Amino acid sequence: MNHAQPQAALRPLAPADLDAVVALDAARAGRSRRGYFQKRLAAALRDPAGHVQFGAESGGKLVGHVLARLREEEFGRHAPVLAIEAIAVAPEQAGRGLGHRLIAALEDTMWRRGVDELQTDAAWTDHALLRFFDSCGFRLAPRQVIARAVAGGIAHPAPADDAAAVPVTVERPVEIDYGAPGLADYQPLAHDRHAVRSMRADDLAAISRIDRRITGRDRSFYFKKRLDEALLDSAVRVSLVAEQDGAPVGFVMTRTDAGEFGHTEPTAILDTIGVDPALTGQGVGTAMLSQLLVNLGGLRIETVETEVAREDFALLKFLYDAGFVPAQRLVFARAAKPRL
């Protein structure tokens with residue numbers, strides 16, 4: 001007699017799947033990340049075009065899931081990618097190809113949306129997950145994750161203020177000068193030189209204008225989405241704006257989701273930092289980073305991360321000088337397979 005279980009059926013995730021998603025993830029991660037998944041499912045309802053989430057059901061039970069988000073121009077990208085945020089399969093489904101089917105479902109969505117690359121990251125010590133990504137055809141991406149502890153001073157000489165006038169998300173048309181003097185620690189910066197406050201919804205026009213001066217492009221639509229995320233979809237508001245004479249002259253966009261890409265502790269993700277080129281060398285970017293670290297420390301966030309292209313030597317130097325070091329995570333990517 002054949003007692004083989006029927007193949008699980010794939011379908012979009014729904015809010016009612018929350019408990020099952022949390023349980024599947026907890027079985028793999030060893031802890032519950034309910035708050036994280038609750039926000040991710042809610043975000044997909046608000047912005048269905050920006051998220052792809054599938055569940056696998058067998059016998060009326062959720063036995064697998066994958067959550068992915070469309071990344072557009074974060075971290076210096078010029079083409080959208082679909083980034084896997086979480087994937088899990090029930091133990092009884094192990095070895096039956098369900099994980100590969102979930103990846104294939106993402107790929108089918110990529111084709112329909114005109115996205116050419118699937119991406120994710122994982123801790124290098126997560127050997128089972130690394131083997132799975134390898135079996136799916138992922139390879140190391142030409143990017144690296146770097147991080148720094150929120151607490152403590154900077155072990156290296158402080159970075160030149162000019163370097164912080166460069167947005168993390170784009171190529172830099174302005175020259176970076178690392179010869180300017182700096183402080184030995186971000187915490188005692190002279191904040192009275194540059195007022196730094198929480199970002200507001202009405203900062204969109206100013207943020208877009210600053211970015212346009214740096215890049216020569218109008219990315220208002222991108223910043224509208226990122227601003228909505230920063231104010232609505234993040235666990236806490238840690239995005240900041242620097243002002244001079246009451247006018248915005250710089251911004252930093254940061255998210256603080258506990259659980260993104262497998263994080264088990266609260267981690268801030270630095271998406272974007274930009275300073276009006278007219279204020280290059282005046283310490284605006286350094287002041288924002290200083291205030292960001294102070295705010296994150298008050299929220300008991302332990303680490304701040306960002307992602308940088310491996311050939312972006314100037315930006316890497318600036319961030320290394322600010323205390324960032326290579327994180328214990330690897331970035332993987334896979335191009336969409338051509339359809340026959």
Side-chain angles (χ1 to χ4, degrees), residues 11-48 50-57 61-71 74 82-94 98-99 102-103 105-106 118-130 132-133 145 147 149-150 229-238 254-271 296 299-307 327-332:
R11 59 167 175 78
L13 284 176
D17 294 316
L18 175 62
D19 289 343
V21 167
V22 171
L24 277 174
D25 179 77
R28 182 185 134 67
R31 58 171 293 176
S32 173
R33 298 188 292 168
R34 184 180 185 85
Y36 168 73
F37 284 105
Q38 191 170 28
K39 291 195 300 88
R40 299 277 32 93
L41 291 170
L45 289 176
R46 288 197 308 269
D47 180 22
H51 296 79
V52 184
Q53 301 176 348
F54 287 107
E57 187 174 297
K61 175 185 175 182
L62 196 75
V63 294
H65 66 252
V66 64
L67 289 77
R69 181 171 61 193
L70 189 67
R71 284 182 171 181
E74 294 105 317
L82 191 63
I84 299 172
E85 298 178 295
I87 185 168
V89 170
E92 66 269 21
Q93 292 287 330
L98 181 55
L102 289 167
I103 295 295
L106 293 182
L118 187 62
Q119 183 176 301
T120 190
D121 70 65
W124 72 271
T125 53
D126 194 339
H127 303 146
L129 189 58
L130 296 183
F132 170 71
F133 287 144
V145 180
V150 168
E229 182 179 74
L231 300 183
L232 300 175
D233 192 33
S234 190
V236 290
R237 289 176 56 170
V238 288
T254 313
R255 294 175 281 117
T256 59
D257 284 334
E260 178 164 331
F261 299 104
H263 292 109
T264 57
E265 299 298 334
T267 300
I269 309 298
L270 175 61
D271 280 336
L296 293 175
L299 295 166
R300 298 185 179 180
I301 303 295
E302 297 180 359
T303 307
V304 57
E305 284 187 0
T306 192
E307 189 181 307
Q328 301 301 299
R329 305 183 67 78
L330 302 173
V331 184
F332 301 94

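What you see is a predicted model, and the numbers here were worked out from it, not measured in a lab.
Put simply, OH on Tyr36 and CG on Leu67 are 6.5 Å apart, with the number rounded to the nearest 0.5 Å. Considering OG1 of Thr125 and CZ of Arg329, their distance stands at 9.0 Å, rounded to 0.5 Å. A distance of 9.0 Å separates NZ in Lys39 from CZ in Arg46, rounded to the nearest 0.5 Å. The distance from the CG atom of Leu82 to the NE2 atom of His51 is 10.0 Å, given to the nearest 0.5 Å. The structure places OG1 of Thr254 at 9.5 Å from CD1 of Ile269, a figure rounded to the nearest 0.5 Å. Remark: Leu62 CG to Asp19 CG distance equals 11.0 Å, nearest 0.5 Å.
Taking the charged nitrogens against the carboxylate oxygens, Asp126 and Arg28 do have a contact shorter than 4.0 Å, which makes a salt bridge.
The two residues Val66 and Leu13 have their closest heavy-atom pair at O-CD1, 4.4 Å. Closest heavy-atom contact between Ala88 and Leu102: O-CD1, 4.3 Å. In terms of heavy-atom proximity, Val52 sits nearest to Leu106 at CG1-CD2, 3.6 Å. When all heavy atoms are compared, the tightest approach of Ala94 to Val89 is N-CG1, 4.4 Å. Counting all heavy atoms, side chain and backbone alike, Leu130 lies closest to Ala122 at CD2-CB, 4.1 Å.
Considering Arg40, Arg11, Lys61 in turn, Arg11 is the only one that fulfils the salt bridge (charged side-chain N to carboxylate O under 4.0 Å, His left out) rule with Asp17.
The shortest distance between side-chain heavy atoms of Ile103 and Ile84 falls below 4.5 Å. Two residues are said to be in side-chain contact when any heavy atoms from C-beta on lie closer than 4.5 Å; Leu24 and His65 meet this criterion. A heavy-atom distance below 4.5 Å is found between the side chains of Phe132 and Ile87. Put simply, the side chain of Ser32 reaches to within 4.5 Å of the side chain of Val22, judged on heavy atoms. Using a 4.5 Å heavy-atom cutoff, the side chains of Gln53 and Leu45 are not in contact.
Judged purely by atom type and a 3.5 angstrom limit, Thr306 uses its side chain to pair as donor or acceptor with the backbone of Leu270.
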